[in-house]
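Residue numbers start at 1 and run along the sequence shown.
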Amino acid sequence: MFSLTTLGWEPFFSRSFDQLTEPDLVPARITADHGEAYTALCTHGEVEARVTGRLRHAAVSRADWPAVGDWVAVTLYNEGAQALVHDVLPRKSKFSRQAAGDRTAEQIVAANVDTLFLVTALNQDFNLRRIERYLVLAWESGASPVVVLTKADLCPDWPARLVEVEAVALGAPVLAVSVRDGQGLAEVAAYLQPGRTVALLGSSGVGKSSLINHWMGEERQAVREVRADDDRGRHTTTHRELFVLSNGSLVIDTPGMRELQLWEAEEGVEAAFEDVRALSEACRFKDCGHGSEPGCAVRAALETGELSPERWRSYDKVRREAAYQARKEDVHEQLKEKERWKSIHKLQRQLYKDR
């Protein structure tokens with residue numbers, strides 16, 4: 001059995017839950033998403049859950065459905081072994097990305113997270129530009145990012161790479177670790193506090209599951225050997241799942257991400273590229289395009305080497321991508337609102353017929 005506090009329950013969630021009026025509701029936290037079914041934890045223990053028809057009908061997009069880490073209001077049946085999800089409580093944080101494919105849709109990777117471990121390996125997987133993209137969405141999510149550089153035992157020059165990451169991960173701690181020899185694990189474990197939720201995000205094979213297994217003291221997540229040709233583990237988690245560790249902290253493991261398209265990232269871009277933003281504010285003209293305009297602080301920083309061309313190109317790319325995504329989302333929101341009113345009118349017509 002679990003207490004709500006152990007599962008991360010806070011006044012933020014209780015205020016929303018107390019406003020619900022349906023009888024016999026209890027709070028539960030989603031620990032696994034199986035598509036049409038979920039696993040959740042509540043004070044009664046682990047339950048299998050499905051959404052109600054009302055919630056399914058009211059959901060305009062998949063983002064309105066429960067995600068791993070969500071707090072939901074459920075009613076229990078079958079002697080407390082199963083549950084129906086009536087409502088998804090408001091989220092205090094969410095890590096979202098543009099869903100894979102051509103369709104404009106939000107995919108919530110993890111919800112109600114306190115700390116995001118952005119995990120990348122210090123071998124051939126190492127990529128500063130990818131780390132920057134993760135940081136953009138991490139700052140946007142509302143959670144606190146920590147960059148975790150794994151497999152330090154495979155990288156003799158890991159201190160130099162640590163410095164490289166610190167230069168782009170402004171405001172976020174950067175830790176180098178090795179599960180094999182124990183390096184840095186105590187520093188990472190300091191973030192695993194009772195009732196607090198950590199999510200691990202990163203590409204396939206960077207060592208997320210190895211960290212989970214270390215913390216749990218058992219092989220809960222399967223891990224395959226590193227491939228000789230590219231130093232990458234072949235294992236990956238197949239679905240998102242929340243674990244409760246023995247010390248009362250909560251950890252969400254996620255599948256490796258092949259692509260990381262931005263979603264609602266304009267504020268995250270400014271936070272992740274605070275150095276470039278500060279330079280832009282020093283330009284003579286507020287609408288400076290950072291081209292041939294006189295008094296451009298960005299061009300001056302590029303010329304002196306204060307700002308690297310790679311950093312500038314990365315910023316310019318994600319800024320343009322975020323702006324393009326925002327325009328697509330505006331159209332998407334208009335369509336969602338149109339669908340919402342169609343549903344309301346359909347329900348009104350049905351009620352009128354039933355009189």
Side-chain angles (χ1 to χ4, degrees), residues 2-20 25-33 38-43 49 51 55 58-74 83 85-99 106-118 134-148 171-173 190-201 240-245 247-254 262-272 329 333:
F2 298 93
S3 71
L4 291 180
T5 303
T6 300
L7 296 175
W9 186 254
E10 300 176 7
F12 175 88
F13 305 114
S14 60
R15 286 192 292 268
S16 299
F17 183 82
D18 291 343
Q19 295 176 16
L20 302 177
L25 291 176
V26 297
R29 194 163 191 196
I30 300 296
T31 60
D33 179 353
Y38 300 88
T39 305
L41 287 175
C42 63
T43 55
V51 299
L55 181 56
V60 177
S61 70
R62 188 70 190 187
D64 298 322
W65 287 53
V68 173
D70 265 329
W71 280 99
V72 294
V74 306
V85 178
H86 294 262
D87 289 280
V88 179
L89 300 186
R91 298 160 175 137
K92 72 172 186 178
S93 67
K94 61 174 182 175
F95 185 94
S96 298
R97 66 170 179 172
Q98 160 73 32
E106 178 184 12
Q107 180 187 42
I108 299 176
V109 180
N112 299 316
V113 174
D114 298 297
T115 303
L116 284 165
F117 282 172
L118 309 179
Y134 272 104
L135 283 164
V136 166
L137 292 181
W139 286 120
E140 188 76 32
S141 74
S144 299
V146 176
V147 181
V148 179
Y191 292 92
L192 306 176
Q193 298 295 323
R196 306 288 287 177
T197 303
V198 169
L200 281 73
L201 304 163
R240 292 176 285 279
E241 186 170 1
L242 182 149
F243 300 95
V244 182
L245 302 187
N247 74 337
S249 61
L250 303 109
V251 177
I252 298 176
D253 193 13
T254 63
L262 304 185
W263 180 270
E264 292 184 352
E266 290 182 297
E267 291 184 11
V269 171
E270 298 304 306
E329 288 170 29
E333 287 300 318

Straight-line distance of T197 OG1 to L116 CG, nearest 0.5 Å: 10.5 Å

Smallest separation among heavy atoms of A138 and P145, with atom names: CB-CB, 3.7 Å

Pairwise distance OH(Y134) to CG(L118) - rounded to 0.5 angstrom: 8.0 Å

Beyond-backbone contact of I108 with E106, side-chain heavy atoms, under 4.5 angstrom: yes

Min side-chain heavy-atom separation I30-W65 under 4.5 Å: no

R29 side-chain N/O to W71 backbone N/O, donor-acceptor pair under 3.5 Å: no

Test side chain to side chain donor-acceptor pair (under 3.5 Å) applied to R91 and S96, step by step: CA-CA 12 Å; R91 298 160 175 137; S96 298; over 6 Å; no

Heavy-atom closest contact (A172 atom, L135 atom, distance): CB-CD2, 4.2 Å

Value rounded to 0.5 Å, distance of CG in L250 from CZ in F243: 11.5 Å

Note, V26 side chain near T43 side chain (heavy atom, < 4.5 Å): no

Spacing of L41 atom CG and L242 atom CG [to the nearest 0.5 Å]: 7.5 Å

Min side-chain heavy-atom separation V88-D64 under 4.5 Å: no

Rounded distance [0.5 Å steps], CD in Q107 versus CZ in R97: 4.5 Å

Any S141 side-chain heavy atom under 4.5 Å of V113 side chain: no

Distance-minimising heavy-atom pair for I252 and A110: CD1-CB, 4.1 Å

Side chain to side chain, S249 and V198, heavy atoms closer than 4.5 Å: no

Pairwise side-chain contact, Y191 with S144, heavy-atom cut-off 4.5 Å (strictly under): no

Contact summary for N112 and P90, nearest pair of heavy atoms: OD1-O, 4.3 Å

Polar side-chain atom of E140 near backbone of E267 as donor-acceptor pair, under 3.5 Å: yes

Nearest-0.5 Å distance that lies between atom OG1 in T31 and atom CG in D70: 11.5 Å

For the student: nearest non-hydrogen atoms of D114 and K92, plus distance: OD1-NZ, 2.6 Å

For residues 12-20, tabulate all N or O donor-acceptor pairs below 3.5 Å that involve a side-chain atom, not counting sequence neighbours.
from, atom 1, to, atom 2, distance (Å)
S14, OG, P11, O, 3.0

